[in-house]
Amino acid sequence: MARIAILWDWQLWALSALAAQEKWHETMIFWAAWTNSPAAQVSPSIDVTYKDTIETVHQIMGWEADVVTTEWENIPIELILAIEEAWITMYPNSKVLDIIQDRKTEKEAIKNAWEEVVDYITWVNNIHSLQRAFDKLWAGILKTRKEGYDGKWQVSINSQEDINKLLKENDKFWLADRIFEKKEDLYCELSVVVSRRPWGQTRVYEPAHNIHENWILKESIIPATQSNISISAETINKAKEIAENITNEMWVVWLLAVEMFVLKDWTIKINEVAPRPHNSGHWTIESYNFSQYHSHITAILDEDFEELELLKKSHLYNLLWNEIDSLPRNEDWSWYRYYKWWDSEKQVDVYYYVYWKWYGDLPKWRKMWHIVEVSELEALNWVGK
Ligand code: ADP
Ligand code: MG
């Protein structure tokens, strides 16, 4: 039995804490943003503020954590360094987080693994450098280098007019370092989750076919080969190989989710990586014998992975803040809980995951719930590692 300290407290952390508890480990959430946050509903928690690095490290030491983990790649790097300086095992470590917190160093690390990324130009920090980038790459997306998620702070630049619009932005807009990415003409998007133990043992999950709406992941179909896209075994195996390669090259210990673009000529370009369980991998709970959350806990404790076995097909839907009213309400629902029933019309088992985030002040685009529809696999013969 181990004592696992978890930094941050939303739905991914709740699911990891549950996976740890299933194996009789103790979990403690450090920093509940509010008392009823999803993770604090399923695990004891201690309130700390990450800005007070010393106090946070003291609290973690006081609880006698065996290992510290987080699923928020933007945890202040100073805190991660302080935890490491106190000789507490921390996964992911500061090296990996430091790279991934900046889109520029992240892309460089992917290129060091000899994998392809979308064309991009860095140091786009004012209207003039944006103009130069646009003249070179044409239609593209202006992204912040740091702290972006769910499309936050991304601006589509399709024409000169879009640039002219940005002329009206005040100086504050340009304070954040930005990167300009060429807009790719996508056939589809895939993501692959890989888990890796300290000395290199890996497990690779089947690629998910991801469908985005307004930059936000709306649906994932797993395995991608059983989605409505026509994708070859070769492309699927290539996607898995690429994901494993990047994970090894970056020396990630725990999980790496690799988001990929498949272009119309079947080349694969890496969009970005996330060192954590991934939203597009929630379904591993239903579809596999061993979920991404179990892999996460197993990797950071350096225990043996089980062989992965794909058992079911899943279709995952994310529900955003403005969609929650369409769901049946039950006053007894607590923060985190799921319901299962058989949908005889669609012939699927349906699981509802309710994060029950506090609606009040949340932006409308935040993910609030997800649904997984589970059915029998259509063909198993060539899916698998
Ligand atoms: P986030 O960090 O918010 O997840 P991403 O960079 O993954 O941001 O972008 C979100 C989505 O926007 C992608 O999954 C994809 O659908 C679309 N997108 C992002 N960059 C590009 C690009 N260069 N070309 C085409 N589509 C893109
Ligand atoms: Mg993304």
Side-chain angles (χ1 to χ4, degrees), residues 51 72-78 97-111 115-189 191 210-218 258-265 267-274 279 318 320-323 359-368:
K51 284 198 183 121
W72 180 231
E73 54 266 40
N74 292 319
I75 295 275
I77 209 77
E78 298 73 36
L97 284 180
D98 199 30
I99 291 170
I100 289 178
Q101 285 185 358
D102 185 336
R103 284 191 203 272
K104 177 176 179 281
T105 46
E106 177 185 341
K107 284 185 192 321
E108 285 163 359
I110 295 167
K111 287 200 290 188
E115 302 299 353
E116 273 196 68
V117 296
V118 296
D119 289 341
Y120 66 95
I121 292 176
T122 42
W123 305 113
V124 180
N125 289 354
N126 53 40
I127 205 78
H128 307 293
S129 43
L130 173 63
Q131 184 70 55
R132 275 199 299 274
F134 179 73
D135 291 345
K136 209 159 173 203
L137 297 182
W138 292 95
I141 300 164
L142 188 62
K143 300 180 176 182
T144 52
R145 275 172 48 181
K146 294 189 175 179
E147 294 189 9
Y149 60 92
D150 285 347
K152 207 167 151 199
W153 295 314
Q154 299 197 5
V155 187
S156 238
I157 307 288
N158 294 316
S159 61
Q160 189 63 40
E161 222 165 75
D162 290 335
I163 297 181
N164 296 346
K165 262 191 234 152
L166 285 184
L167 274 171
K168 296 192 195 94
E169 287 290 343
N170 57 27
D171 291 346
K172 228 170 140 198
F173 177 86
W174 292 108
L175 280 180
D177 284 333
R178 285 167 203 266
I179 192 168
F180 186 77
E181 274 183 29
K182 180 182 160 72
K183 195 175 272 175
E184 297 286 354
D185 194 9
L186 312 182
Y187 174 66
C188 70
E189 292 188 57
S191 60
N210 296 330
I211 300 166
H212 289 78
E213 238 173 62
N214 301 325
W215 320 101
I216 297 179
L217 179 66
K218 279 297 289 176
V258 183
E259 298 179 12
M260 305 175 187
F261 296 149
V262 180
L263 308 188
K264 290 185 172 146
D265 63 358
T267 44
I268 296 180
K269 290 199 176 176
I270 310 305
N271 171 24
E272 58 172 357
V273 295
N279 187 217
N318 281 311
L320 307 184
W321 193 97
N322 54 355
E323 292 164 306
Y359 309 162
D361 297 330
L362 280 174
K364 302 269 182 287
W365 43 266
R366 293 317 302 267
K367 299 180 184 114
M368 301 300 286

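Atom set for the values below is all heavy atoms of this structure, side chains included, hydrogens, waters and symmetry mates excluded.
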Between the side chain of [X] and the main-chain N/O of [Y], is any donor-acceptor distance below 3.5 Å?
| X | Y | answer |
| --- | --- | --- |
| Gln101 | Glu73 | yes |
| Asn214 | Ile216 | no |
| Ser129 | Asn125 | yes |
| Arg103 | Glu272 | no |
| Asn271 | Glu259 | no |

Criterion side chain to side chain contact (heavy atoms under 4.5 Å, CB included) against Lys104, the qualifying member of Glu108, Glu106, Lys107: Glu108
Cation-pi geometry met for Arg132 and Phe180 (6.0 Å, 45°): no
Within residues 155-166 or reaching into it, pairs that qualify as salt bridge (Lys or Arg N to Asp or Glu O under 4.0 Å) - sequence neighbours excluded: Asp162-Lys165
Distance-only polar pair, side chains of Gln160 and Gln131, donor-acceptor under 3.5 Å: yes
Who passes side-chain contact (heavy atoms from CB on, under 4.5 Å) against Lys111, sequence neighbours left out? Val117, Tyr120
Run the side-chain contact (heavy atoms from CB on, under 4.5 Å) test on Leu263 and Leu186 for me, step by step, so that the C-alpha distance in whole Å, both residues' side-chain angles and the decisive distance to 0.1 Å come before the verdict. CA-CA 5 Å; Leu263 308 188; Leu186 312 182; 4.0 Å; yes
Distance (rounded to the nearest 0.5 Å) between Asp102 CG and Arg145 CZ: 4.0 Å
